[in-house]
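My questions will all concern the structure given below.
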Amino acid sequence: MLIGRVSELSGVTRKAIRYYESIGLINPAPRKGNYRVYNDNDVMVITMIRRAQTLGFSLSELKEIVLKKAQDKTFPIQVACDLIDKKMTDLRLEAESLLLKEQQLNQLKADLIEEYT
């Protein structure tokens, strides 16, 4: 299938798909004449990349998985799980920090009300 169809199916722009290929995040698509020809696996990989990005993963974090997969010739499930676990830990810490800031804002508000009313 051509890049336009991949873009429609994955929700990723053509420019992003070309960029993923240029940085080695996806394998270069074989060409038929001047056109890149993608398969269903490419769509799945591109969709997973986009999904991971929406969950806060950077392309460099995802590239670690791609490089390990190329090296071992199998999907590095443990590397992926470790990255997900790290991301969840980071999110928990961020949530705790935000809750603390919320408490501090509430205290500031209470202090201002007490001081000026």
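Note that this is a predicted model, so its numbers are computed, not measured. Heavy-atom basis, side chains included; hydrogens, waters and symmetry copies ignored.
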Value rounded to 0.5 Å, distance of CD in Gln78 from NZ in Lys68: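 If we round to the nearest 0.5 Å, Gln78:CD and Lys68:NZ are 11.0 Å apart.
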
Take Asp111 and Gln107 through the test side-chain hydrogen bond (donor to acceptor under 3.5 Å, both in side chains) and record every step on the way to the result. CA-CA 6 Å; Asp111 291 347; Gln107 186 60 54; 2.7 Å; yes

Ignoring hydrogens, what is the shortest heavy-atom contact between Ile3 and Arg18? Give both atom names and the distance.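 Answer, listing the atom of Ile3 first, then Arg18: CD1-CG, 3.9 Å.
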
How long is the span from the CG atom in Leu62 to the CZ atom in Phe57, to the nearest 0.5 Å?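 The CZ atom of Phe57 is 7.0 Å from CG of Leu62, to the nearest 0.5 Å.
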
Reported CD1-to-CZ distance for the pair Ile65 and Phe75, which is rounded to 0.5 angstrom: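 The distance works out to 5.0 Å.
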
Taking NZ in Lys63 as the centre, count heavy atoms belonging to other residues, nucleotides or ligands within less than 6.0 Å. Is the count above 12?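 Count over threshold, so yes.
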
For Gly56, does its backbone N or O pair with a side-chain atom of Lys87 as donor and acceptor, under 3.5 Å?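 It does hold such a pair.
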
Rounded to the nearest 0.5 Å, how far apart are CZ of Arg50 and CG of Leu55?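 Between atom CZ of Arg50 and atom CG of Leu55 there are 10.0 Å.
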
Side-chain heavy-atom pair Ile49, Val12 within 4.5 angstrom cut-off: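 Counting from C-beta outward, Ile49 and Val12 never come under 4.5 Å.
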
Nearest-0.5 Å distance that lies between atom CG in Leu9 and atom CZ in Arg5: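 Separation between the atoms: 4.0 Å.
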
Sub-4.5 Å side-chain heavy-atom contact between Met48 and Val45: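 No, too far: nothing below the 4.5 Å cut-off.
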
Report yes or no: does Thr47 contribute a side-chain atom to a donor-acceptor pair with the main-chain N or O of Val43 at less than 3.5 Å?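 Yes, Thr47 side chain to Val43 backbone: donor-acceptor pair under 3.5 Å.
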
Should Asp82 and Lys86 count as an ion pair when the cut-off is N to O under 4.0 Å?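 Salt bridge: no.
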
Shared ILVMFWY cluster between Leu98 and Met88, side chains joined below 4.5 angstrom?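 No.
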
To the nearest 0.5 Å, what is the distance between OH on Tyr20 and OG on Ser10?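 Nearest 0.5 Å value for the OH-OG distance: 8.0 Å.
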
Sidechain-backbone polar pair: Asp72 side chain, Thr74 backbone, donor-acceptor under 3.5 Å: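 Pair absent, no side-chain N/O of Asp72 close to backbone of Thr74.
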
Check whether any side-chain N or O of Thr89 sits under 3.5 Å from a backbone N or O of Asp85 as a donor-acceptor pair, and report yes or no.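 Judged by distance alone, yes, a pair lies under 3.5 Å.
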
